[in-house]
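All chains are named by letter (A, B, ...) in the order of the sequence lines, taking the proteins before the strands, and each is independently numbered beginning at 1.
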Amino acid sequence: MINVTFPDGAVRQYEAGVSALDIAKSISEGLARKVLSAKVNGQVWDASRPISEDANLQLLTWTDTDGKSTFWHSSAHLMAEAVESMFPGVKFWVGPALDNGFYYDMDLGDKKLTEDDLVVLEKKMNELAKQNNAYQRKEMSKAEAIAYFTEKGDEYKLDLLQNLQDGSITFYTQGNFTDLCRGPHIPATGVIKAIKLTNIAGAYWKGDEKNKQLTRVYGITFPNQKELDEYLLMLEEAKKRDHRKLGKELGIFTMDEDIGPGLPLWMPNGTIIIEELEKLAKETEEAAGYKRVVTPHIAKENLYITSGHLPYYADSMFPPMEMDGEKYYLKAMNCPHHHKIFAAEHKSYRDLPYRIAEYGTCYRYEQSGELFGLMRVRCLHMNDAHIYCSKEQFFQEFKAVNDMYLKYFKIFGVDKYVMRLSLHAPEKLGQKYVDEPALWKETEDMVRKVLIDTNTPFIEVPDEAAFYGPKIDVQIWSTIGREFTLATNQVDFNSGRKFKLEYTNKENQTDVPLIIHRAPLGTHERFIGFLLEHYAGKFPVWLSPLQVKILPISDKFMEYTNEVKAELRSAGIRVEIDDRSEKIGRKIREAELSRVPYMLVLGEKEMTEGKLSVRRQGKGDLGSQTIAEFIGTVVAEIKNRTEE
RNA sequence: GCCACUUUAGCUCAGCUGGUAGAGCAACUGAUUUGUAAUCAGUAGGUCGUUGGUUCGAUUCCGACAAGUGGCUCCA
């Protein structure tokens with residue numbers, strides 16, 4: 001007999017060799033039907049795998065993340081079975097579970113999959129699922145496995161085998177499909193009730209663009225149709241707040257073929273948002289001791305040779321323009337220009353920290369396939385600044401930048417993000433990273449300490465640092481789930497020397513400053529793209545391109561309407577009148593859809609009382625207010641940058 | 001850049017297997033002067049992304065290019 005301990009601490013005795021599925025059955029048949037896999041001593045196992053020793057056991061079902069993963073990974077195998085039955089001779093690479101669904105990479109030879117094929121595949125998968133075939137686990141020696149795949153001529157699985165230890169190699173079979181796989185899997189295919197293959201994509205083998213491109217099919221499955229329907233509905237809803245759709249609807253930005261890909265045109269409404277953001281940045285930076293600078297959009301080649309961006313990043317820059325026998329480049333970053341401002345006047349330790357800021361316009365030649373609405377563009381306006389400081393000042397300066405991030409996040413109600421501390425990889429010193437092991441350790445420790453001291457949750461990611469130093473990136477997700485770096489805060493102990501930046505220290509010696517590169521509001525493009533989705537187009541009053549729309553009941557009240565408008569405007573409020581001869585219902589509907597935060601309905605009653613009927617977007621009628629009351633509210637919301 | 005798909009009126013979309021196009025909304029004109037999410041009528045608007053080819057004839061079939069979409073790679 002063995003002792004099995006459950007998550008609630010209860011201990012029960014079973015025969016050795018009992019499976020998690022047996023145990024579930026002993027509790028209830030209903031539970032047994034729901035079990036997908038089990039966590040045995042912290043490892044996720046097949047529910048049917050015999051347990052031979054005392055163990056901690058957690059039964060995993062659809063409501064557990066690990067249970068879902070098992071379900072989706074098994075679904076990938078089911079898809080592979082369907083693909084193999086349709087296209088014999090197909091070779092498979094890997095087919096993992098994702099956060100939402102699964103994919104499988106495959107080599108289909110010359111066969112090109114179409115969307116029609118997906119429909120047929122879904123049908124086949126449904127048939128196979130109904131057969132309720134068990135997933136059977138089989139251990140195999142490495143030699144046997146190699147022989148098996150050599151005979152099949154499957155170079156992909158042979159490649160996978162190379163990195164596997166003999167004794168740990170397992171195969172899984174369900175129906176007519178057998179695959180090298182570490183598992184675990186669900187007991188049988190029958191629980192997969194709703195299947196949707198979502199898209200076909202090319203994916204480089206092993207993620208290396210020099211390798212052959214395999215066919216990747218993405219899909220998602222559920223234990224019932226209802227959840228699939230809900231998932232598809234959620235995707236539809238998400239599309240409605242896609243910044244590309246909202247940007248067009250609200251007149252924020254536009255793209256034009258004649259201007260060029262990745263080059264957004266900011267329309268009047270978008271420009272108002274840009275100006276409000278810059279106002280916020282300027283206020284915040286002035287209070288934090290930054291000075292503003294302005295630099296040209298182009299520079300000579302030599303600047304980028306000094307910075308080290310050429311030739312290594314030449315691919316990401318627009319090709320040079322030749323003028324007077326010199327090559328000029330559009331700037332892809334502002335740092336070298338700012339370094340030259342630092343170097344223009346001699347600095348002493350009394351001038352440090354020296355902080356200069358600019359909403360700098362940069363141009364980057366992003367690959368055509370990478371462009372994505374406002375989130376990934378070729379012309380960007382960066383909330384950039386550089387801080388030049390001594391080693392002693394670094395901690396305080398870096399912390400102040402971190403505090404500025406958090407302050408901004410509070411203003412915008414940004415709560416779904418991950419702070420990522422990007423570190424170097426010691427084995428790549430001298431190649432990918434500047435060869436200064438001591439400086440790396442020192443700065444990484446300082447950056448980590450800032451995060452810990454400010455109680456900022458973060459994750460550490462090795463081998464993701466900039467070549468000149470560690471950094472903190474703020475990761476966010478677009479509505480459709482794509483990940484982006486919104487903001488960045490970087491340490492640079494390299495450019496100071498490269499640009500021969502110096503200051504005279506207290507001991508009257510020459511010293512090289514540390515540099516902090518920071519962009520808490522990222523770029524206008526990405527930040528406004530993010531805000532559009534974050535607010536679903538319903539900007540807070542201070543950011544809203546139009547703040548108040550006045551809706552007169554009829555043109556009999558135009559005189560009063562114009563008076564009200566003039567008063568609001570002189571209070572600094574962005575206001576417009578809907579003077580069409582439409583019914584009030586129509587005006588309200590369209591004002592609501594345009595997401596203007598406040599609407600004022602003015603008619604006979606308001607005119608005689610000298611009041612306003614106030615309506616808030618999404619909330620309906622707020623009742624009657626005096627002009628002074630209303631102006632007071634709106635002006636306070638603007639001044640305090642109130643979110644709602 | 002690579003794989004797949006898409007491109008029809010300002011917007012959202014329809015248009016069986018080739019015979020030069022249609023709806024709703026928006027726009028414009030007129031009527032209506034309206035009380036908290038769509039007043040009515042009329043008018044105008046498209047060389048069907050561009051460009052080659054096949055064909056008596058191409059929005060429709062094939063190719064190239066451009067832009068976009070979903071991924072891959074990339075993101076200093």
Q: Rounded to whole angstrom, note down the P distance from G22(B) over to C16(B).
A: 14 Å
Q) Is there a donor and acceptor pair closer than 3.5 Å between the side chain of Y204(A) and the base of G1(B)? A) yes
Q.
Nearest whole Å is fine: how far is G30(B) P from R580(A) CZ?
A. 16 Å
**Q.** D555(A) CG - U34(B) P separation (whole Å)
**A.** 9 Å
Q: Count the heavy atoms belonging to other residues, nucleotides or ligands that lie under 6.0 Å from CD of E427(A), then report whether that count exceeds 12.
A: yes
Q. Are OP1 or OP2 of U12(B) and a side-chain N or O of K248(A) less than 4.0 angstrom apart?
A. yes
Q. Base, sugar-phosphate, or nothing for A203(A), non-hydrogen atoms under 4.0 angstrom?
A. sugar-phosphate
Q. For K619(A), does the NZ atom have more than 12 heavy-atom neighbours from other residues, nucleotides or ligands under 6.0 Å away?
A. yes
Q) Any side-chain N or O of K583(A) less than 4.0 Å from the OP1 or OP2 oxygen of U36(B)? A) no
Q: Using the P atom on both, measure A26(B) against U12(B) and round to a whole Å.
A: 15 Å
(Q) Between F484(A) and F530(A) (judged by ring centroids, cut-off 6.0 Å), do the two rings come close enough to count as a pair? (A) no
Q.
Within residues 90-109 of chain A, which residues have any heavy atom lying less than 4.0 Å from an atom of RNA chain B?
A. none
Q.
Rounding to an integer number of Å, can you tell me how far K619(A) NZ sits from A37(B) P?
A. 17 Å
Q.
Does F484(A) reach a base, just sugar-phosphate, or nothing at all? Heavy atoms under 4.0 Å.
A. nothing
Q: In whole angstrom, give me the gap between the C1' atoms of A31(B) and U47(B).
A: 37 Å
**Q.** Any M382(A) side-chain heavy atom under 4.5 Å of T523(A) side chain
**A.** yes
Q) Using atom C1' of each nucleotide, how far apart are C13(B) and A9(B) to the nearest Å? A) 11 Å
Q. If you take atom types as modelled and just measure distance, does the side chain of Q213(A) reach the base of C2(B) with a donor-acceptor pair under 3.5 Å?
A. yes
Q. Going from OH on Y433(A) to CG on L423(A), what distance comes out if it is rounded to the nearest 0.5 angstrom?
A. 9.0 Å
Q: Classify the side chain of R615(A) versus the base of A37(B) as yes if they form a donor-acceptor pair under 3.5 Å and no if they do not.
A: yes
Q. U33(B) base to S581(A) side chain: any donor-acceptor pair below 3.5 Å?
A. no
(Q) Rounded to whole Å, please give me the gap between CZ in R586(A) and C1' in U39(B). (A) 8 Å
Q: Determine whether the side chains of D107(A) and Y156(A) contain a donor N or O and an acceptor N or O closer than 3.5 Å.
A: yes
Q: State, with a plain yes or no, whether a side-chain heavy atom of Q490(A) is found less than 4.5 Å away from one of D492(A).
A: no
(Q) I'd like the C1' distance from A67(B) over to G24(B), given in whole Å. (A) 26 Å
Q | Integer-rounded Å distance: C5(B) C1' and L118(A) CG | A | 11 Å
Q.
Is it true that E366(A) and S316(A) share a donor-acceptor pair across their side chains at a distance under 3.5 Å?
A. no
Q: Look at the side chain of R364(A) and the base of C75(B), then say whether one donor and one acceptor between them are separated by less than 3.5 Å.
A: no
Q: Could you work out the separation of U6(B) and U60(B) based on their C1' atoms and round it to a whole Å?
A: 16 Å
Q: Report yes if at least one side-chain N or O of Y304(A) is closer than 4.0 Å to OP1 or OP2 of A76(B); otherwise report no.
A: no
Q | Interatomic distance, F253(A) CZ vs G68(B) C1' [rounded to whole Å] | A | 12 Å
Q: Specify the separation, in whole Å, of atom CD1 of I553(A) and atom C1' of U36(B).
A: 8 Å
Q. In terms of ring plane angle, is the pair F318(A) and Y363(A) parallel, tilted or perpendicular, where the classes change at 30° and 60°?
A. perpendicular
Q: Quickly work out the L600(A) CG to U36(B) C1' distance and round it to whole Å.
A: 13 Å
Q) With a non-hydrogen cut-off below 4.0 angstrom, is E464(A) in contact with a base, only sugar-phosphate, or nothing? A) nothing
(Q) Please convert RNA chain B into dot-bracket. A pair counts if it is Watson-Crick or G-U wobble with both distances under 3.5 Å; crossing pairs go in [ ] and bases paired with another strand get |. (A) (((((((..((((.....[..)))).(((((.......))))).....(((((..]....))))))))))))....
Q | Derivation and outcome, side-chain contact (heavy atoms from CB on, under 4.5 Å), residues H309(A) and Y329(A) | A | CA-CA 11 Å; H309(A) 290 105; Y329(A) 281 84; over 6 Å; no
Q: Indicate, yes or no, whether a donor-acceptor pair under 3.5 Å links the base of A37(B) to the side chain of E592(A).
A: yes
(Q) If you take the centroid of each ring, where Trp contributes its six-membered ring, are F342(A) and H386(A) closer together than 6.0 Å? (A) no
Q. When you compare U17(B) with U59(B), how far apart are their C1' atoms, in angstrom units rounded to a whole number?
A. 15 Å
Q: Looking only at side-chain atoms of Y468(A), point me to the closest of A76(B), U36(B), G70(B).
A: A76(B)
Q: For nucleotides A58(B) and A14(B), find the distance between their P atoms and express it as a whole number of Å.
A: 25 Å
(Q) With a 4.0 Å limit, can you tell me whether S368(A) has a side-chain N or O closer than that to the phosphate oxygens OP1/OP2 of G1(B)? (A) yes
